[in-house]
Amino acid sequence: MAESSLDVAACLERVRVRDEEAARELVAHLHPLVLKIVRSHLPRRMDEEDLAQEVFLKIFANLGQYRGVVPFEHWVSRVAVTTCLDKLRAQKRRPEWRWADLSEAEAEVLDAVLTDEKSPNAAQASVAREVIDKLLDALNPEDRMVVTLLDLEDRSVAEIQKLTGWSATLVKVRAFRARHKMKKRLAQIEKEMIYERR
Amino acid sequence: MNADNKWNRLAQCARQAPPAAVPDLPHGFATRVVARWLAGEGRPSLWAAWEWLSPRGLALAAVLMLASLGANYDLLGGSLADEVTAASSVLESLLDS
């Protein structure tokens, strides 16, 4: 979340009359928030700075639509999520990673999860996130978005509704479908793991 | 262990990953963004609207075409049968003469 002590309302007034200094201040203020969202939903082979720039351009271009009904940061989050979703949709390939494609560290984490012999430790959390990112690559953009928000960022259905504009039912249906695909994919990878160890 | 547990364990472990540190604003980033904004970038363009509209328009046209073909199937089949009958009678009269 943005932490600098900027008078957002006053700054927005100045940006609306195309004040460059105010626009730069607004970018600096919102940069941590935008970057956090961009990183969570970054398509493969896309530079996070490029995507962050696109988000800011959309924010400025659509500033006239912001009526002040919700906090500005909420509106910015929604613009950022929508922009990321558009970029994910533009990504044509959705590779399905296999057991053999995983690195040694990733295979170790997945082994711990799948065999239940030992729990993955906290130090392996970043690797687990990388494994999940690879599994998410095979999902369509909407399913990927809902799993990331719900299962990785621990957001509520109501929060996801606000961020995406989807109904609660749609969020739940997409979550159910996406989780089902993830579980199926994990089962497939487990079969590959067992086959490889024979 | 069932599939639910495996997914939940993996997700739970991934949630413990420390958030990556947000770097300071890259040098010149704000200036670049503001310059692009002032140059008019980021506004919805006609091309973007066309890109959005054209596949949907094509899909709608295809659906309408199939629906109209379906609705007029009997008529199309009937008219074709009439044409075949007419052609046969012409051929027969030619062969007879």
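We name chains A, B, ... by the order of the sequence lines, and we start the count at 1 in each one. Worth saying up front: this structure is predicted, and the values here are computed from it rather than measured.
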* Cluster link A:W97 to A:L110, ILVMFWY, side chain under 4.5 Å -> no

* Which bit of A:I59 comes within less than 4.5 Å of chain B, counting heavy atoms only: side chain, backbone, both or neither? -> neither

* Asked: Around A:K87, counting heavy atoms of other residues, nucleotides and ligands shown, do more than 12 lie under 6.0 Å from its NZ?
  -> no

* Under 4.5 Å heavy-atom distance to chain A, tell me which part of B:V34 shows up: side chain, backbone, both or neither. => side chain

* Asked: Is it the side chain or the backbone of A:R185 that comes within 4.5 Å of chain B heavy atoms, both, or neither?
  -> neither

* Asked: What's the spacing between A:L186 CG and B:R9 CZ if we round to 0.5 Å?
  -> 11.5 Å

* Structure fact -> What one should report as the nearest heavy-atom pair of A:R39 and B:A21 is NH1-O, 3.0 Å

* Single-linkage hydrophobic cluster, 4.5 Å side-chain cutoff, A:V79 and A:V70 together -> yes

* Kindly compute the distance separating CD (B:Q12) from CG (A:D151), expressed to the nearest 0.5 Å. => 11.0 Å

* Part of residues 153-167 of chain A lying next to chain B, heavy-atom separation under 4.5 Å -> A:D154

* To do: Give the cluster check for A:L57 versus B:L38: same hydrophobic cluster or not, with ILVMFWY residues linked at side-chain heavy-atom distances below 4.5 Å.
  => yes

* To do: Nearest 0.5 Å please: distance from the CG atom of B:L10 over to the CD1 atom of A:I132.
  => 4.0 Å

* Asked: Hey, mind stepping through B:R36 and A:F60 against side chain to side chain contact (heavy atoms under 4.5 Å, CB included) and telling me if it holds?
  -> CA-CA 10 Å; B:R36 287 180 67 185; A:F60 285 127; over 6 Å; no

* Asked: To the nearest 0.5 Å, how far apart are NE2 in A:H29 and CG in B:L25?
  -> 12.5 Å

* **Counterpart residues, salt bridge (Lys or Arg N to Asp or Glu O under 4.0 Å), relative to B:R32 (two or more places apart)** => A:E49

* To do: Check whether any side-chain heavy atom of A:S126 sits under 4.5 Å from a side-chain heavy atom of B:Q16, and report yes or no.
  => no

* To do: Spell out, as yes or no, whether a donor-acceptor pair under 3.5 Å connects the side chain of A:R179 to the backbone of B:W7.
  => no

* To do: Against chain B, label A:L152 side chain, backbone, both or neither, depending on which of its atoms sit under 4.5 Å from a heavy atom there.
  => both

* Asked: Should the pair B:F29 and A:F56 be assigned to parallel (<30°), tilted (30 to 60°) or perpendicular (>60°) ring geometry?
  -> perpendicular

* Asked: Given a strict heavy-atom distance threshold of 4.5 Å, which part of A:L135 is in contact with chain B: side chain, backbone, both, or neither?
  -> side chain

* Taking only residues two or more places apart in sequence or in another chain, which ones pass salt bridge (Lys or Arg N to Asp or Glu O under 4.0 Å) with A:R174? -> none

* Asked: Around A:D47, counting heavy atoms of other residues, nucleotides and ligands shown, do more than 12 lie under 6.0 Å from its CG?
  -> yes

* Begin with the C-alpha distance, continue with both residues' side-chain angles, and end with the deciding distance and a verdict on side chain to side chain contact (heavy atoms under 4.5 Å, CB included) for B:W37 and A:V27. => CA-CA 12 Å; B:W37 165 56; A:V27 171; over 6 Å; no

* Structure fact -> With sequence neighbours left out, the residues meeting side chain to side chain contact (heavy atoms under 4.5 Å, CB included) with A:A105 are A:S103, A:V127

